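In this text, all values refer to a predicted model and were calculated from it rather than measured experimentally.
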Amino acid sequence: MTINERTELIRRFTDDFTALQEAVLARMNGACAPETAAALEHDVLVGPITVVLAHADVLARGAVRRAELSAELPERLRRLRAHARGVRRARSQAEVRYKEHRARRLTGRSRPVDPLELRVTRTVFAAAFDEALRQELRDTGLPDGTPQAPESDLARWAWDRKAAGGELPAPVRELRDCDDDAFVQALLRDAREEENPYLPHDAVAERWSRHARTALAWGRYAIGRAERDVLAGALSVRHTRLDLLDDAYQDTAVLAARSREALLRAMDLHDRMRDCVTTGPFAERVAQCRAAALMRFADAEPQKWHSVRELTARHQADCPERADGCPRCHRALAAALSDAAPADADDDPTATLPAGVDRYALLTDLSDSAVVAVADAAVGDESALCGYGWAAEDGTTGHGDSLASSSGEAEAIGICAAALSLLERHEDAPVVVLCDSTEAVGVVDAALRSADQAAAHRTLLFPESRELMARLVRHRHRVQVRWLKGHIGHDLNETADSFARLALRRATGRIPPSAARKEEARILRSLGSGTGPLSAAA
């Protein structure tokens with residue numbers, strides 16, 4: 001193949017999603033022509049290959065799930081599972097290659113090296129230096145932030161100045177200015193109806209990347225609901241419902257591909273923003289601001305500045321890399337300086353705790369009438385279906401299934417379900433639910449403290465969890481949630497975890513009803529046959 005022919009093939013793969021996916025899967029299966037395999041190695045395709053494999057991964061898992069639910073022949077099911085494993089493996093390898101490719105690209109760019117004293121100061125005394133830098137930026141009329149591209153306000157300011165001058169297209173302005181719910185709806189329309197060509201625009205690429213996961217979660221929600229419908233019908237009437245499940249997987253595959261594309265666009269934007277403030281006149285301005293901030297720090301913290309100067313001077317006296325500015329030496333020097341500095345007791349979160357006290361699941365402050373339970377949850381890979389379970393000190397237990405966008409949402413559902421059940425069973429007693437998910441405990445606690453379920457909406461995406469939280473908030477004066485370290489042999493925690501996994505298997509049809517009943521009985525026997533009080537002490 002000539003260079004021109006290979007260039008044309010690469011261009012075709014760049015422009016044709018289906019052709020690229022077919023070529024990548026053919027290479028995965030060992031059926032790829034040598035010229036195609038050579039073209040796929042080109043750097044320009046490193047990112048797009050991760051996009052097509054994200055799409056193929058969802059479709060492969062969807063094919064397996066359809067085969068499982070339609071009672072396909074074992075041999076066909078084995079082939080589909082093997083293909084799905086191959087796609088997942090190829091996807092992981094492609095993403096690793098992309099990360100390595102991007103790291104090499106960034107490493108190859110020339111970037112200015114800050115003075116050693118500045119780098120050590122920024123590492124060891126970050127809070128004090130940042131305050132000095134904020135003062136410097138404020139006095140010079142620049143945005144209030146730390147100029148560390150691309151996350152800082154200064155990087156954004158510099159990029160906006162460079163990109164200014166042209167009016168944004170109306171569809172881009174609409175995407176930029178709409179609220180979050182409307183933006184997610186636009187992403188769902190992009191996947192299910194017609195591709196939106198304005199999403200990759202620099203003005204909205206970061207927002208696209210931030211909300212793509214939410215849109216993808218709604219795709220998994222559709223899969224979960226379709227899966228429930230399939231399992232609710234007999235095998236003889238499943239054909240139509242399986243077609244609807246296929247449709248949900250097709251939409252979710254597009255959402256997965258677009259989510260990956262959004263991430264690539266955002267990272268490319270960040271790289272260009274970094275270039276904007278690390279080269280040319282902006283790089284000089286950043287260097288001036290940092291140097292001035294270092295002098296402010298020296299005036300405000302003379303003892304700390306003296307220790308930095310003394311340490312770096314001793315180091316540079318005989319460092320073999322001193323001619324290059326000691327580009328990698330600041331980390332070791334910062335570690336040495338941090339070890340030498342006296343510890344600040346105010347910074348130690350355990351300083352005020354008595355020795356030997358478990359600060360995570362203290363129950364000694366509870367009244368004797370309090371009812372304590374432990375909740376847990378389990379989530380699957382394919383859909384939003386989740387299982388939850390709980391077990392209480394009084395011997396009561398419960399489990400069920402729902403739909404969740406994340407493990408945090410699933411764990412919050414378990415907490416709410418446990419608390420609501422115990423509130424109904426114990427009319428006057430306070431209820432305390434322990435959970436090993438810090439995220440779930442945090443969002444439920446925030447909603448209870450504020451008496452507003454909206455405090456948890458960032459984690460609780462779906463209507464099922466929001467409805468449970470709205471019900472729980474009405475009883476907030478009787479409910480507490482606390483964190484408990486999981487999987488340390490705690491009886492109630494292990495029981496809740498077993499029930500959650502059982503509930504997920506039952507919800508996804510991976511265990512027959514008769515076997516589920518036997519498993520439930522086994523779990524209860526392991527807990528003590530569900531009789532008598534059980535301790536929740538950690």
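- In terms of modelled atom types and a separation under 3.5 Å, the side chain of R241 and the main chain of D229 share a donor-acceptor contact.
- Side chains of H457 and M469 form no contact here, defined as non-hydrogen atoms less than 4.5 Å apart.
- Side-chain contact between L59 and V87 is absent, with no heavy-atom pair separated by less than 4.5 Å.
- With hydrogens and angles disregarded, a donor-acceptor distance shorter than 3.5 Å links the side chain of T123 to the backbone of R119.
- Between R11 and D16 there is no salt bridge, since no side-chain nitrogen of the basic residue lies less than 4.0 Å from a carboxylate oxygen of the acidic one.
- Side-chain contact between L460 and Q453 is absent, with no heavy-atom pair separated by less than 4.5 Å.
- With rounding to the nearest 0.5 angstrom, the CZ atom of R506 is 12.0 Å from the CG atom of L231.
- Residue pairs meeting the side chain to side chain donor-acceptor pair (under 3.5 Å) criterion with at least one member in residues 379-388, sequence neighbours excluded, are E227-S383.
- Judged by distance alone, the side chain of T459 and the main-chain N or O of A456 form no donor-acceptor pair under 3.5 Å.
- Side-chain contact between E409 and V379: absent, with no pair of heavy atoms (C-beta onward) separated by less than 4.5 Å.
- A 6.0 Å sphere centred on CZ of R102 holds more than 12 heavy atoms belonging to other residues, nucleotides or ligands.
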Q) Where do K518 and R522 land on the side chain to side chain contact (heavy atoms under 4.5 Å, CB included) test, with the steps shown first? A) CA-CA 6 Å; K518 291 179 181 178; R522 185 198 64 78; over 6 Å; no
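- In this structure, Y221 and W218 have perpendicular ring planes: the angle between them is above 60°, well past the 30° mark.
- Under a cut-off of 6.0 angstrom, the local environment of CZ in R176 is crowded, with over 12 non-hydrogen atoms contributed by other residues, nucleotides or ligands.
- In this structure, OG on S92 lies 8.0 Å from CG on D57, to the nearest 0.5 angstrom.
- The main-chain N or O of L168 is found under 3.5 Å from a side-chain atom of R173 such that the two form a donor-acceptor pair.
- With hydrogens and angles ignored, the 3.5 Å screen pairs no side-chain donor or acceptor of W390 with any backbone N or O of V374.
- A heavy-atom distance below 4.5 Å is not found between the side chains of R122 and H330.
- Within the 4.5 Å cutoff, side-chain heavy atoms of D202 are placed close to those of R272.
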Listing, residues 17-28 side-chain donor-acceptor contacts under 3.5 Å, not counting sequence neighbours, or none:
residue: Q21; atom: NE2; partner: V52; partner atom: O; Å: 2.9
residue: Q21; atom: NE2; partner: H55; partner atom: ND1; Å: 3.0
residue: R27; atom: NH1; partner: E41; partner atom: OE2; Å: 3.0

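- Other residues, nucleotides and ligands place more than 12 heavy atoms under 6.0 Å from the CD atom of E75.
- Around the OH atom of Y198, the shell of radius 6.0 Å holds no more than 12 heavy atoms that belong to other residues, nucleotides or ligands.
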Q: Show the numbers, then the answer: is there a side chain to side chain contact (heavy atoms under 4.5 Å, CB included) between L187 and R258?
A: CA-CA 9 Å; L187 298 186; R258 293 293 269 170; over 6 Å; no
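- With E519 contributing its side chain and L502 its backbone, the two residues share no donor-acceptor pair below 3.5 Å.
- A 4.5 Å side-chain heavy-atom check between R6 and H42 finds every atom pair outside the cut-off.
- Formation of a donor-acceptor pair under 3.5 Å by the D190 side chain with backbone atoms of N196 is found in this model.
- Looking only at side-chain heavy atoms (C-beta outward), D401 and L504 stay at 4.5 Å or farther from each other.
- The main-chain N or O of L175 is found under 3.5 Å from a side-chain atom of R207 such that the two form a donor-acceptor pair.
- In this structure, R85 CZ and L80 CG are separated by 10.5 Å, a value rounded to the nearest 0.5 Å.
- Once rounded to the nearest 0.5 Å, the distance linking OG1 of T50 with NZ of K99 reads 10.5 Å.
- Taking the charged nitrogens against the carboxylate oxygens, R517 and E520 have no contact shorter than 4.0 Å, which rules out a salt bridge.
- Although no hydrogens or angles enter the test, the distance criterion places no donor-acceptor pair under 3.5 Å between the side chain of D452 and the main chain of A455.
- No hydrogens or angles considered: nothing links the side chains of S402 and E464 as a donor-acceptor pair under 3.5 Å.
- The side chain to side chain donor-acceptor pair (under 3.5 Å) check on R210 picks up nothing, with sequence neighbours excluded.
- Summarising the local packing, CZ of R225 is surrounded by 12 or fewer heavy atoms from other residues, nucleotides or ligands at distances under 6.0 Å.
- Panel note: side chain R238, backbone V230; a donor-acceptor pair is recorded below 3.5 Å.
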